[in-house]
Amino acid sequence: MSNTKVLPLLEPAAPESVAPCCPPLNERPLTAGEAERTARMFKALGDPVRLRLFSLVASHEGGEACVCDISDVGVSQPTVSHHLKKLKEAGLLTSERRGTWVYYRVEPSVLTAMGQLLAIVPAAA
């Protein structure tokens with residue numbers, strides 16, 4: 001008799017239910033915690049190679065990219081791995097190993113959160 005247990009799968013949150021990390025920058029001053037999270041995200045994107053890798057993953061067909069498809073960014077493979085690790089640590093990417101390859105996806109809430117953070121809120125009349 002098997003001693004395995006079937007676990008239920010969790011449904012991903014709907015994009016409209018994603019809470020941004022912070023309010024738009026012109027709405028109110030950021031709290032210390034919001035500023036810390038936001039700075040970590042922008043610091044990770046502040047490197048041209050990381051920004052390019054993030055863009056390659058975000059724009060890749062199907063919303064995910066194999067590391068084998070995005071490693072031609074003008075640096076060595078170990079450097080690509082380092083930059084992808086930094087993007088993951090900042091919460092910008094997720095990854096999944098399939099056989100010998102790793103596939104990367106933009107964390108679902110990231111683009112929404114960045115867009116809302118940089119949105120302009122009209123001033124009250």
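- Partners of Leu111 according to the side-chain contact (heavy atoms from CB on, under 4.5 Å) rule, which considers only residues two or more places apart in sequence or in another chain, are Phe54, Val106, Met114.
- Going from atom SG of Cys68 over to atom OH of Tyr103 covers 5.5 Å, rounded to the nearest 0.5 Å.
- Using a 4.5 Å heavy-atom cutoff, the side chains of His60 and Glu64 are not in contact.
- At a threshold of 4.5 Å between non-hydrogen side-chain atoms, the residues Lys88 and Tyr104 count as touching.
- What you find for Arg98 and Arg105 is that their closest heavy atoms are NH2-NH1, 4.0 Å.
- Ser76 and Thr79 form a side-chain donor-acceptor contact under 3.5 Å, judged by distance and modelled atom types alone.
- Of the possible donor and acceptor atoms, none in the side chain of Ser55 sits under 3.5 Å from a partner among the backbone N and O of Leu51.
- When side chains are defined from C-beta on, Phe42 counts as touching Leu117, because their heavy atoms get closer than 4.5 Å.
- Between Leu93 atom CG and Leu84 atom CG the span is 6.5 Å, to the nearest 0.5 Å.
- What you find for Gly91 and Val110 is that their closest heavy atoms are O-CG2, 3.3 Å.
- Atom CD of Glu61 has 12 or fewer neighbouring heavy atoms from other residues, nucleotides or ligands inside a 6.0 Å radius.
- A salt bridge does not link Lys43 to Glu89: none of the charged nitrogens lies less than 4.0 Å from a carboxylate oxygen.
- Residue pairs that meet the salt bridge (Lys or Arg N to Asp or Glu O under 4.0 Å) test with at least one member in residues 70-79, sequence neighbours left out, do not exist here.
- The residue from Gln77, His83, Lys85 that alone fulfils the side-chain contact (heavy atoms from CB on, under 4.5 Å) condition with Ser81 is Gln77.
- A search for side-chain contact (heavy atoms from CB on, under 4.5 Å) contacts involving Ala44 returns Leu87, Ala90, Leu92, not counting sequence neighbours.
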